[in-house]
Amino acid sequence: MDLDQKRTRTVDRVVDSVDRDVESPESTPMCPFPDEVLEPVLSLINSHKDRSSVSLVCKDWYNAERWSRRHVFIGNCYSVSPEIVAGRFPKIRSVTLKGKPRFSDFNLVPEDWGADVYPWLIVLAKAYPFLEELRLKRMAVSDGSLEFLATNFPEFKALSLLSCDGFSTDGLKAIATYCRNLTELDIQENGIDDLGGDWLSCFPESLTSLQVLNFASLNSEVSFNALEKLVTRCKSLRVLKVNRNINLDQLQKLLLQAPQLTELGTGTFTQDLVTRPVADLETSFGNCKNLQTISGLWDTNSLYLSVIYPACASLTFLNLSCATLRSFELTMLLMHCKSLRRLWVLDTVGDRGLEAIGLWCPLLEELRVFPADPFEQEEVAGVTESGLVSVSRGCPKLHYVLYFCHQMTNAAVATVVQNCPGFTHFRLCIMNLGQPDYLTNEPMDEAFGAVVRSCPNLQRLAVSGLLTDLTFEYIGKYAKNLEILSVAFAGSSDLGLKYVLGGCPRLRKLEIRDCPFGNAALLSGLTKFESMRSLWMSACNLTMNGCRVLAKEMPRLNVEVMKDEDSEDSQAHKVYIYRTVAGPRRDAPPFVLTL
Amino acid sequence: MSVPLEHDYIGLSDASSLERSSESSNISSDNVTNNVFNLKATELSLGLPGFGKISEENATKFGPVIKNYMSGAKRGFSDVNFNGSEKWGLKGGSEADLCKGIDGVFEKNQTQQLISSSDVKPVEVEKKGPVSENGSVPPSAKAQVVGWPPIRSFRKNTMATNLSKNHTDVAEGSLGAGGCLYVKVSMDGAPYLRKIDLKIYHNYAELSKALEKMFSCFTIGQCTSNGIKGQGLTESKLKNLLHGSECVLTYEDKDGDWMLVGDVPWKMFIDSCKRLRIMKGSEAIGLAPRSMEKCKNRN
């Protein structure tokens, strides 16, 4: 039994018997370890959940833990204030911050809602001048914030921005120019104002420390000369994801300079004018012995796809979600990818393509199938239930699925979870709203019933299709480990939400839109909300009065209602509820009312 | 593989295709208790994008609007070219009716998508009815609900660019990114012009066939791309064409130049084509040297 396990067991035993009051826990003779021993031991614990548990044991452990913590994870930036964080943890080197509710990705949260990182940066600059890493998700980040970051943290090394918005490439210029020790610049899927690609040319000649560079989601052309030089001098570069403007010739030159890459995101993967034979490209890929991940592959076809075959044997993650491949193209590719664990594809590959997955990738653990044409501008067949069933047959280790389709049956889902009972993440999106089982015309209740019954390890579930309260009865009853639940256009009455709030002991995040759940259902979960990170309910049957009652009963929750011009005054159109120790937001815009 | 149905230039196919599609979908759903709603769902109605197969008890939940729009009323010709937004009542109140609690304000791009998809839909739905793979009717066009399907904006934008950049693919039957593209077709010596929607064809072969039917003396047979990306007419093919046929299909591009149809990939062609003209052979020879040169440069 290694040290980690031993430590955790001790914590488990002690936590039950000790008073959980964090403010002044009693120091007891149960904890004879001096700080000099405790701190280095605790510093080996990285999981923030474990650290939370450790901190609850007793005062000594609480202190030892806070002094040894180097990375703080804040899942909701409004659940705590930066001052409180700085006060508790004196030696932080790395901060992860998440801001807006997840439904903001789908335009359900108005702009200027908040989650501005700047107030955090001000405090962090004072408390942690030697901060090295900052990872932000769904935060509002301005160019000013990026400049502040670049100029106030001399040891700053790693910046990761995922789904953030409010900044432009000018902000990136500041990062490139001033962060002398930069190891990571990861810009993913942000609402960025792309003013041009010259930010990349701002990296000084002296910068050789870069390990991760991801600008795949930026549109402007960067100077290839600058990029090539950067890649050449950064010998530790292991992750390189370029944008679509980088062509195959250029990619080849980059690969020549960086055969040590473990993750590669290509640019456009086809060309009209062939300036060098395809065999050259193949050789380049063959020389990259450490490649585990390939993504990008825009505009590719069978001819060019074949050049990556030499690198496929060791691939564990293949992201084809930008490549409109067809079934035979995918099949030919997958024949070479026996070690694949994660695969993202577009539904252009069809059920046939999915059959190929079941055939050639027995080690597959994660599959995501995105719709190439979600709004059906064209009549694309996409994938159906039989594709998913084929994958489940061939890939018994599958535990993560995200599946966009137009039709599904209860029987198919039941078969899938029977084949793969180890699901931890089951996200099914039947794109037609309120669609029943297309063969039996029944609701899809039994499908999700089968999922929660067959998959005891289920952590995350997204439901869709025509669903009655029965689905939620099943979920509440059987989904003992469920932490994240996403519901849209489902349920028949308050009972649905009541079932979920009455069950699901581990529920942390609940997001609901367009369901007939009202105040009674909301209030049935009074005591549950403090054990959850957040609850989002939009376009349900909540009223202002119901929300006020909740706010009154539970003072440690922030009950925020977003007002909409179109809805009536008594309706609570969008409600966001979260636990917090920071009190009501001080930066709430006028349309956000904290009750 | 989709086969274009015969249709008049309006794009409405005849009633028989409707019947065929209903039959095939009834066969696929072997449920004896095929209730009324199921049959209704298989009707290829030209209504507003609805919610697909919503059961009747839920129709009320989603508003009476859906029932109205799911009726099988066919549109007349006068409606086809109509400004989509007025016809479908996209603005204000009816949006809110579509789904309880939808934000009153659609994103601008989504509204545009809705307009364009509602224009294109009637033709596409009817065409695909009898030939879809599993025999079931493809889902009717969806209402553009804010934030549905739950795809991140980044991915939406990537896909939109992909769709417009995609070369023609007959097997998958993909078309351009919505909308329709009516161009005038004139033929030397004919007393009147015709108009065709370029968006409903997938490649030069289909276009040629359609024009052949319209102008029966037309011989454009050889003037096709062979479906492989990037290869237009070869020099030898062009020579054969000019020596062998009487008529040549040309088009006026964005720059105002008259070009020989078939040189460029299909997608590029429909992006730049302003009008078509069927020339008599003698006039077309003047066009040839430039086209030949282009072929030389390509190969």
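Chain identifiers are assigned alphabetically (A, B, ...) following the order of the sequence lines, protein sequences preceding nucleic acid strands; residue numbering begins at 1 within each chain. Treat the numbers as computed from the prediction; the structure is a model and nothing was measured.
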S.K.: Is there a side-chain contact between Ser153(B) and Asp105(A) (heavy atoms, below 4.5 Å)?
M.R.: no
S.K.: Identify, with sequence neighbours excluded, every residue that meets salt bridge (Lys or Arg N to Asp or Glu O under 4.0 Å) alongside Arg427(A).
M.R.: none
S.K.: To the nearest 0.5 angstrom, please state how far the CD atom of Gln188(A) sits from the CZ atom of Arg152(B).
M.R.: 8.0 Å
S.K.: Is there side-chain contact between Phe404(A) and Pro150(B), with heavy atoms separated by less than 4.5 Å?
M.R.: yes
S.K.: Does any heavy atom of chain B fall under 4.5 Å from the side chain of Ser163(A), the backbone, both, or neither of them?
M.R.: side chain
S.K.: So what's closer than 4.5 Å to chain B heavy atoms on Phe103(A): side chain, backbone, both or neither?
M.R.: neither
S.K.: Any side-chain heavy-atom pair from Phe489(A) and Val145(B) closer than 4.5 angstrom?
M.R.: yes
S.K.: To the nearest 0.5 Å, tell me how far Asn107(A) CG sits from Trp148(B) CH2.
M.R.: 14.5 Å
S.K.: From Arg155(B) CZ over to Ser217(A) OG, what is the distance, rounded to the nearest 0.5 angstrom?
M.R.: 11.0 Å
